[in-house]
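Report on one structure; see the data block that follows.
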2 protein chains.
Amino acid sequence: MNSYTEENYLKSIYHLSVPTDESVSTNSIAASVNTKAASVTDMLKKLADKKLINYTKYQGVSLTEEGKAIAINIVRKHRLWEFFLVEKLHFKWDEVHELAEELEHITSVELIDRLDKFLGNPKYDPHGDPIPDSTGCIKKDELIPISTLQPGQSAIIMGVREHAPVFLQYLEKMNLTIGKQIKPIEVIAFDHSVLLSVNNNTVSISRDVAKNILVTI
Amino acid sequence: MNSYTEENYLKSIYHLSVPTDESVSTNSIAASVNTKAASVTDMLKKLADKKLINYTKYQGVSLTEEGKAIAINIVRKHRLWEFFLVEKLHFKWDEVHELAEELEHITSVELIDRLDKFLGNPKYDPHGDPIPDSTGCIKKDELIPISTLQPGQSAIIMGVREHAPVFLQYLEKMNLTIGKQIKPIEVIAFDHSVLLSVNNNTVSISRDVAKNILVTI
DNA sequence: CATAAAATTTAGGCAAGTCTAAAAATTTAA
DNA sequence: TTAAATTTTTAGACTTGCCTAAATTTTATG
Ligand SMILES: [Mn+2]
Ligand SMILES: [Mn+2]
Ligand SMILES: [Mn+2]
Ligand SMILES: [Mn+2]
């Protein structure tokens, strides 16, 4: 069995490696798990001994197949619990992440499979992230950030790249939630902020916000 | 905040002190949390420093008001999760205890209050144990073991004293589950085993079993 | 009451995970 | 292509929780 701490390291390495598919640096892991680089090095040795990561000193790390499977399973648990918290307990989408960080470490496989079934085998969590199935398969859709849309090109919000509560609360307030149809009207040359229409209203969002909202055309 | 381990010690001290309301010995705690007496002594010092227990060397311990409140809250979480697992995820009553041992340490108060509401504010867990409310109040009914019934005195099964899976599975097989009406027919003088009728059948249970099934008349 | 037995505590250590400071390797840039 | 900056690793230490063995206290018994 792996400790709570080991699981968090594996999950962080997974999340850090997904976007680029390159090896992950000690410092980036340290930032992600909120420790110091020296502590990360200690843990990397341990995970390498357990054959959960590929590690050569100074060269960064990647997950082995086994390590990746463990990481994906934790992501599965995290997202299913988030779905549960929002759908059944009526938490808001900005309130569930921290709770899921705890719940994702509950060990029983039987529990999570039953939870999955109880929830109706949901495919996406409250932030639009895909929920891996029990075999570790993850559906990946081609989502693009609003910042890459052309003016006039309407699209539907499918997810977010940033999960910070303040960001999610802001989206809620602007009515920019999952499932909403939006259409960029104009990109302001000065600061690249985006004017877009949602629900027949025109709203303006910064480039930074536009980059963190994912849509499908 | 208290660690997972500290919570388990407090819970054990609570469960050990309830029946007799006397101070609890180091050895009994060691047996209950599955460690050695020396480790218990270490922890008792720590809990005493935190003013969660009253501790004088060699004299056993009792919970302070604060310690008791923490313990009861863990019991509340344990029993609510057990209820959830049985009612919503359809686990059997002999399968939920170990899982609840993990879930009871999830920290959020908001989570547990919402879970309570989602479940319809249940009053008893799947083993008939009362679920403390959010203020720490515990309903206590006068339940008596089958072994104290007179022959002919019919009663309803309301709980069990023993939670071991093998015991619960046995009761399930014998149809001696919560809510069932039973009537002792005869106590066998030789070994104090009890003949009783359930569902128009006559079954025989040992004295030991009879002592661990709680009923109300 | 004195001694034997049992329970409890102390002493000294170990493993996991973290930290700071210092050393080593790698990367960047002059 | 060498020096400086950055990143990573090592060294040494701390905390939590656990252990065994030995010492101490309490309790039981003749
Ligand atoms: Mn999350
Ligand atoms: Mn999510
Ligand atoms: Mn239980
Ligand atoms: Mn129970």
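The sequence lines fix the lettering, A, B, ..., with proteins before strands; numbering per chain opens at 1. Note that this is a predicted model, so its numbers are computed, not measured.
Aromatic ring centroids of Phe84(B) and Phe84(A) lie under 6.0 Å apart.
For dT10(D), the OP1/OP2 oxygens have a side-chain nitrogen or oxygen of Lys45(A) closer than 4.0 Å. The phosphate of dT10(C) (OP1 or OP2) has no side-chain N or O of Tyr58(B) nearer than 4.0 angstrom.
Of the residues in residues 2-34 of chain A, those lying under 4.0 Å from DNA chain D by heavy-atom distance are Ser25(A), Thr26(A), Asn27(A).
Straight-line distance from the OH atom of Tyr55(A) to the C1' atom of dT8(D): 7 Å, rounded to whole Å. Rounded to an integer number of Å, the gap from NZ of Lys57(B) to C1' of dT26(D) is 13 Å. In this entry the distance linking CE of Met43(B) with P of dC19(D) reads 12 Å, nearest Å. Atom C1' of nucleotide dC19(D) and atom CG of Asp42(B) are separated by 10 Å, given to the nearest angstrom. Rounded to an integer number of Å, the gap from CD of Gln59(A) to C1' of dT9(D) is 13 Å.
The side chain of Leu44(B) sits closest to dT9(C) out of dT10(D), dA25(C), dT9(C). Nearest to the side chain of Ser39(A), among dT18(C), dT10(C), dT10(D), sits dT18(C). Checked against dT20(D), dT8(C), dT18(C), the side chain of Thr41(B) finds its nearest nucleotide in dT8(C). For Thr35(A), the listed nucleotide lying nearest its side chain is dT18(C); candidates were dT8(D), dT18(C), dA21(C).
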Apply side chain to side chain contact (heavy atoms under 4.5 Å, CB included) to residues Leu176(A) and Leu196(A) and explain how you reach the verdict.
CA-CA 10 Å; Leu176(A) 295 167; Leu196(A) 43 78; 4.1 Å; yes
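The existence of a salt bridge linking Glu6(A) and Lys50(A) is confirmed by a sub-4.0 Å separation between a basic side-chain nitrogen and an acidic carboxylate oxygen.
When each of Arg76(B), Lys11(B), Lys77(B) is paired with Glu104(B), the salt bridge (Lys or Arg N to Asp or Glu O under 4.0 Å) condition holds for Lys11(B) and for no other.
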